[in-house]
Amino acid sequence: MFSIMMGLTSTIFGVALLAGGTYPKWMGGFAILGGLPTIVGGGVMAYTGFSGLAMAINMPASYILLAWMLMLGVLMWHHRGLTAAETAV
């Protein structure tokens, strides 16, 4: 259940990043790229447990989400205190 919710949350954040204009659009795509397989991996894990298939899906997706979170943190730190008009990409 945790993997499904984490994937759903990052996918929703990705859609919000795509719709907004403050951060680059590729950041939203990166979140969706990591979120969707995390949802699938969570579903597989719910049916098969911690199987090889579940880990083969979940591990790469988790690395993508980790990289996304770190990159987004750096971008947010870089853009702190700026208005949306000043950071529009």
Side-chain angles (χ1 to χ4, degrees):
M1 188 66 162
F2 175 77
S3 292
I4 294 172
M5 295 307 292
M6 187 170 101
L8 184 62
T9 302
S10 63
T11 301
I12 292 170
F13 271 110
V15 170
L17 286 169
L18 284 174
T22 304
Y23 298 103
K25 302 288 185 197
W26 61 267
M27 286 299 295
F30 209 70
I32 294 169
L33 180 70
L36 292 178
T38 302
I39 294 170
V40 171
V44 170
M45 194 180 304
Y47 285 104
T48 64
F50 291 102
S51 66
L53 177 61
M55 293 299 109
I57 296 170
N58 239 352
M59 291 303 289
S62 294
Y63 287 130
I64 292 170
L65 286 180
L66 177 63
W68 169 71
M69 288 180 218
L70 292 173
M71 289 186 295
L72 187 60
V74 169
L75 279 174
M76 292 177 90
W77 188 7
H78 177 70
H79 289 159
R80 70 179 183 264
L82 301 177
T83 64
E86 294 171 330
T87 61
V89 177

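Keep in mind the model is a prediction, meaning the values are calculated, not measured. The figures here come from the full heavy-atom set of this structure, side chains too, leaving out hydrogens, waters and symmetry mates.
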> Just one of Thr11, Val44, Thr9 clears the side-chain contact (heavy atoms from CB on, under 4.5 Å) bar with Ile39, so which one?
Replying inline: Thr11
> How would you list all residue pairs meeting side chain to side chain donor-acceptor pair (under 3.5 Å) that involve residues 52-62, not counting sequence neighbours?
Replying inline: Ser3-Asn58
> Tell me the side chain to side chain donor-acceptor pair (under 3.5 Å) pairs involving residues 31-56, sequence neighbours left out?
Replying inline: Thr48-Ser51
Least distance between heavy atoms, [X] atom then [Y] atom:
{"X": "Gly14", "Y": "Ala31", "value": "CA-CB, 3.6 Å"}
{"X": "Pro24", "Y": "Leu75", "value": "CD-CD1, 3.9 Å"}
{"X": "Gly41", "Y": "Ala54", "value": "O-CB, 4.4 Å"}
{"X": "Ala61", "Y": "Gly34", "value": "CB-O, 3.7 Å"}
{"X": "Pro60", "Y": "Met55", "value": "CD-O, 4.0 Å"}

Determine, using the 4.5 Å side-chain heavy-atom cutoff (strictly less than), whether [X] and [Y] are members of one ILVMFWY cluster.
{"X": "Leu8", "Y": "Ile32", "result": "yes"}
{"X": "Met6", "Y": "Ile12", "result": "no"}
{"X": "Leu18", "Y": "Trp26", "result": "no"}
{"X": "Leu65", "Y": "Met59", "result": "no"}
{"X": "Met71", "Y": "Phe13", "result": "yes"}

> Counting only heavy atoms not in Met5, do more than 12 sit closer than 6.0 Å to its CE atom?
Replying inline: no
>> Just verifying a value: how many Å separate Phe30 CZ and Leu33 CG, rounded to the nearest 0.5 Å?
In response: 6.5 Å
> So how far is it from Ile64 CD1 to Leu36 CG, rounded to the nearest 0.5 Å?
Replying inline: 10.5 Å
>> My understanding is that only residues two or more places apart in sequence, or in another chain, count here; which of them pass side chain to side chain contact (heavy atoms under 4.5 Å, CB included) with Leu17?
In response: Tyr23, Met27, Trp68, Leu72
